[in-house]
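Since the model is a prediction, treat every value here as computed from it, not as a measurement.
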Amino acid sequence: MKIVIDTYAWIELLIGSEKGSKAKEIIENADEVFTPSIVLAETARKFLREGTEESVVSKWLEIITAASVITQIDSLTALEAAKYYIKLAKKSKNLEIKRSKPI
């Protein structure tokens, strides 16, 4: 399975949250892991803005780089990613509605 990891998933993983544990499991079980290059900048910005030491942020960026292939995103890829995100969001919402209905 090929996966693309976004900023949110990396942040959750790096802070050690429950959602981050799930992201880590998915990453470890994937055949190929890709991270858009913008994720590095977004991750660094978030942690530096919150006062995390630059050396720590630098190590975390190294972890991301070692665990995935850093990719550039062109306009076609961005458009396709947006369409898949919308499909997944709708599917997720439909699943939540079905789960919340009494049996």
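Remark: E32 engages K2 in a salt bridge, criterion side-chain N to carboxylate O under 4.0 Å. The pair E42-K46 does not meet the salt-bridge criterion, since no charged nitrogen lies less than 4.0 angstrom from a carboxylate oxygen. Salt-bridge formation is detected for the pair K83/E80: a Lys NZ or Arg NE/NH1/NH2 atom is positioned less than 4.0 Å from an Asp or Glu carboxylate oxygen.
K24 NZ to L14 CG: the interatomic distance, rounded to the nearest 0.5 Å, is 11.0 Å. Taken from CZ in R45 to CD in E50, the straight-line distance is 10.5 Å, to the nearest 0.5 Å. Taking CD1 of I15 as the start and CH2 of W10 as the end, the distance is 14.0 Å to the nearest 0.5 Å. For the atom pair E12 CD and S21 OG, the distance stands at 10.0 Å (nearest 0.5 Å). If you take OH on Y85 and OG on S92, they are separated by 9.0 Å, rounding to the nearest 0.5 Å.
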Could you walk me through whether T71 and T77 pass side chain to side chain contact (heavy atoms under 4.5 Å, CB included), step by step?
-> CA-CA 11 Å; T71 60; T77 304; over 6 Å; no
Go through I64 and L13 one step at a time and tell me if the side chain to side chain contact (heavy atoms under 4.5 Å, CB included) criterion holds.
-> CA-CA 10 Å; I64 294 170; L13 189 149; over 6 Å; no
Given the rule in the side chain to side chain contact (heavy atoms under 4.5 Å, CB included) test, do F34 and I70 qualify, once you have shown the distances and angles that lead to the verdict?
-> CA-CA 6 Å; F34 300 92; I70 306 302; over 6 Å; no
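Using a 4.5 Å heavy-atom threshold, the side chains of I38 and I73 count as separate. Within the 4.5 Å cutoff, the side chain of K19 has heavy atoms near those of the Y8 side chain. No side-chain heavy atom of T35 sits less than 4.5 Å from a side-chain heavy atom of V69.
Hydrophobic clustering places L40 together with L48 (ILVMFWY residues linked when any side-chain heavy atoms are closer than 4.5 Å, directly or through intermediates). Under a hydrophobic clustering in which Ile, Leu, Val, Met, Phe, Trp and Tyr are joined whenever their side-chain heavy atoms come within less than 4.5 Å, directly or via other members, L61 and V4 fall into different clusters. When the side chains of ILVMFWY residues are joined at heavy-atom separations under 4.5 Å, either directly or via intervening members, I3 and I63 end up in a single hydrophobic cluster. Tracing side-chain contacts under 4.5 Å through hydrophobic residues (I, L, V, M, F, W, Y), one reaches I5 starting from M1; they form part of the same cluster. Under a hydrophobic-cluster definition in which Ile, Leu, Val, Met, Phe, Trp and Tyr are linked whenever side-chain heavy atoms come within less than 4.5 Å, directly or via other members, V56 and V39 are assigned to the same cluster.
Across all non-hydrogen atoms, the minimal contact from I27 to V33 is O-CG2, 3.7 Å. Closest non-hydrogen pair, A9 versus A23, comes out as O-CB, 4.1 Å.
Heavy-atom contacts from other residues, nucleotides or ligands closer than 6.0 Å to CD of E54 number 12 or fewer.
Side-chain polar atoms of T43 and W60 form no donor-acceptor pair below 3.5 angstrom.
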